[in-house]
Amino acid sequence: GPMAFNITATLDRLQSYVQAHGGFRNVVVGEPKSPPTDSLSAAIWTQSVDVTKVFLGGGTREVYSVLVRVYRNWLSEPRDQVEKDLAHSVSALMEDLLADFELGGGVVAIDPAGMEGSGVTIRWGHVEISNVMFRVVDITLPLIVDDSATLAP
């Protein structure tokens with residue numbers, strides 16, 4: 001039968017959380033099509049959804065793999081501050097996420113060590129958006145969610 005995943009609510013909650021905890025001026029849902037203008041920005045989107053358990057009565061447990069990408073203009077001055085700003089921001093966000101993470105809804109927890117699949121990963125790289133180069137940090141967050149999907153008979 002059809003599955004009704006409540007992915008939108010989870011992204012909205014995560015957007016609010018990241019906005020409050022990472023020191024970002026701007027956090028958007030979806031990959032930006034134009035270059036972020038604030039010194040530190042973030043974007044959030046879903047990478048995958050996996051059903052990992054089906055409970056008696058049809059309830060489910062899923063893992064939403066959500067990407068949080070943090071952006072800093074690569075040409076920002078002073079140059080050595082780019083890495084430091086990103087490191088500080090990501091560190092602060094991860095500390096909060098892993099310490100007291102409360103998103104509400106059906107989100108049970110972040111799965112840092114990958115007990116339900118893949119764990120948290122943090123990867124550094126570069127991304128070009130409309131001829132502007134950004135230093136980025138990609139944080140993959142596996143969110144364990146209970147009962148956002150209902151398996152209809």
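Sequential numbering from 1 along the given sequence is applied to the chain's residues.
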Leu98 and Ile110, any side-chain heavy atoms less than 4.5 Å apart: yes
Where at least one partner belongs to residues 114-123, residue pairs that pass salt bridge (charged side-chain N to carboxylate O under 4.0 Å, His left out), sequence neighbours excluded: Lys53-Glu116, Arg61-Glu116
Ser16: partners by side chain to side chain contact (heavy atoms under 4.5 Å, CB included), with sequence neighbours left out: none
Members besides Val136 in its Ile/Leu/Val/Met/Phe/Trp/Tyr cluster (side-chain heavy atoms under 4.5 Å): Trp45, Leu67, Tyr71, Val127, Ile129, Val132, Phe134
Residues 84-91 side chain polar contacts: donor-acceptor under 3.5 Å, at least two apart:
from, atom 1, to, atom 2, distance (Å)
Asp85, OD1, Gln81, NE2, 3.1
Asp85, OD2, Arg72, NE, 3.1
Asp85, OD2, Arg72, NH2, 2.8
Ser89, OG, Gly22, O, 2.7

Beyond-backbone contact of Asp138 with Ile122, side-chain heavy atoms, under 4.5 angstrom: no
Side chain to side chain donor-acceptor pair (under 3.5 Å) partners for Gln47, two or more places apart: Ser65
Side-chain touch Leu143/Thr10, heavy atoms, less than 4.5 angstrom: yes
Side chains of Asp146 and Phe55 in contact at under 4.5 Å (non-hydrogen atoms): yes
Minimal non-hydrogen separation, Val63 against Pro142, with atom names: CG1-CB, 3.8 Å
Qualifying residues under salt bridge (charged side-chain N to carboxylate O under 4.0 Å, His left out), relative to Asp12, sequence neighbours excluded: none
Atom of Asn73, atom of Val82 and distance for their closest heavy-atom approach: O-CG2, 3.8 Å
Side-chain cluster (under 4.5 Å, hydrophobic types only) that Met133 belongs to, other residues: Trp74, Leu75
Please tabulate, for the side chains in residues 24-37, all donor-acceptor contacts under 3.5 angstrom to protein atoms that are two or more places apart in sequence or on a different chain.
from, atom 1, to, atom 2, distance (Å)
Lys33, NZ, Glu31, O, 3.1

Ser118: side chain to side chain contact (heavy atoms under 4.5 Å, CB included) partners, not counting sequence neighbours: none
Under the side chain to side chain donor-acceptor pair (under 3.5 Å) test, residues paired with Thr140 that sit two or more places apart: Thr121
Tyr17 side, atom OH; Ile44 side, atom CD1 - distance, nearest 0.5 Å: 12.0 Å
